[in-house]
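Basis for what follows: all heavy atoms, side chains included, without hydrogens, waters or symmetry-related copies.
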Amino acid sequence: MKKGAFALRVDHVQPNVNIQDRINEAYLHLENIFQDIRKEGKIKLEKIVLIKAKVAPVIADAAMNPDIYSLFDEPHADNEYTYRHNIGVGIIATYLGIKLGLSKENLSALTLAAMLHDVGKTRISDNIVEEPGKLNEAEYEDMKRHAIYGYELLKNIPGIPPSIALTALQHHEREDGQGYLKGRVERISIFMRKSSLIADVFHAMSSSSGHAVL
């Protein structure tokens with residue numbers, strides 16, 4: 001991979017712009033992109049370029065906010081949750097990466113992986129994805145496939161690190177053997193996997209929607 005290919009802007013904050021408005025705009029960009037992926041059944045490289053241009057800079061700025069928890073306190077409709085969740089996980093994971101001093105290249109890869117960790121849900125029925133309550137056993141088994149679907153969607157995109165697809169595949173694995181997939185494939189760095197897992201759970205628990213962690 002060419003050095004700096006995934007560099008994000010992490011050293012610039014726009015204090016005079018309402019960050020929540022910018023997050024809402026980023027959410028709309030990601031919603032449109034995910035809807036296109038659902039219709040087309042694949043991720044085109046141009047979608048990755050668009051995410052990096054329109055969404056990633058907002059994630060980087062939001063992660064510099066001293067109180068990121070306040071960014072997730074805005075109520076929203078159930079059918080918006082998946083897209084807002086990916087934005088939220090991107091912000092939290094990027095925040096963790098900044099605090100731990102990741103290089104710009106590694107930080108940008110983590111940000112992209114976090115934003116796309118649930119892209120496999122574009123292959124799951126809307127009725128299941130948008131269900132705010134507990135899923136039945138059959139629905140839960142179907143939902144668990146989103147990790148594999150995400151990996152399949154991401155693994156062959158040219159120019160992105162393998163860790164992006166592997167994060168989508170492994171973000172529900174737990175160190176104690178709980179969760180699903182359970183180490184069936186090559187493992188990514190423990191930091192990237194744990195950062196995505198922590199961000200995933202934290203945002204789900206702090207979201208006003210009350211969705212379960214799936």
Heavy-atom check, side chain of [X] versus side chain of [Y], under 4.5 Å:
X: Lys44; Y: Ile37; value: no
X: Glu139; Y: Asn127; value: no
X: Leu153; Y: Thr122; value: yes
X: His29; Y: Ile51; value: no
X: Ile48; Y: Leu112; value: yes
X: Leu154; Y: Ile157; value: yes
X: Leu116; Y: Asn86; value: no
X: Lys47; Y: Asp36; value: yes

Which is it for His117 and His146 under the side chain to side chain donor-acceptor pair (under 3.5 Å) test, yes or no, and what are the steps along the way? CA-CA 9 Å; His117 78 286; His146 81 273; over 6 Å; no
Could you tell me whether Arg123 and Glu152 make a salt bridge, using a distance below 4.0 angstrom between a side-chain N and a carboxylate O? yes
Under-4.0 Å salt bridge between Glu25 and Arg22: no
Donor-acceptor pair, [X] side chain versus [Y] backbone, under 3.5 Å?
X: Asp118; Y: Lys121; result: no
X: Asn32; Y: Leu28; result: yes
X: Arg38; Y: Ile124; result: yes

Within the supplied structure, the quantity of interest is the number of heavy atoms (other residues, nucleotides, ligands) at a distance under 6.0 Å from Glu46 CD; does it exceed 12? yes
Within a radius of less than 6.0 Å around NZ of Lys155, do more than 12 heavy atoms belonging to other residues, nucleotides or ligands occur? yes
Using 0.5 Å steps for rounding, measure from the [atom1] atom of [X] to the [atom2] atom of [Y].
X: Ile19; Y: Asn24; atom1: CD1; atom2: CG; answer: 10.0 Å
X: Asn65; Y: Tyr95; atom1: CG; atom2: OH; answer: 9.5 Å
X: Leu110; Y: Ile98; atom1: CG; atom2: CD1; answer: 10.0 Å
X: Ile164; Y: Thr111; atom1: CD1; atom2: OG1; answer: 9.0 Å
X: Glu141; Y: Asn136; atom1: CD; atom2: CG; answer: 10.5 Å
X: Ile87; Y: Ile59; atom1: CD1; atom2: CD1; answer: 4.0 Å

Locate the shortest heavy-atom distance separating [X] from [Y]; write the atom from each residue and the value.
X: Pro57; Y: Lys54; value: CD-C, 4.1 Å
X: Gly90; Y: Ala114; value: CA-CB, 3.7 Å
X: Met64; Y: Ala60; value: CG-O, 3.4 Å
X: Ile23; Y: Ala62; value: CD1-CB, 4.0 Å
X: Leu166; Y: Tyr151; value: CD2-CE1, 3.8 Å

Hey, can you tell me if Tyr83 and Tyr27 have their rings parallel, tilted or perpendicular (30° and 60° cut-offs)? tilted
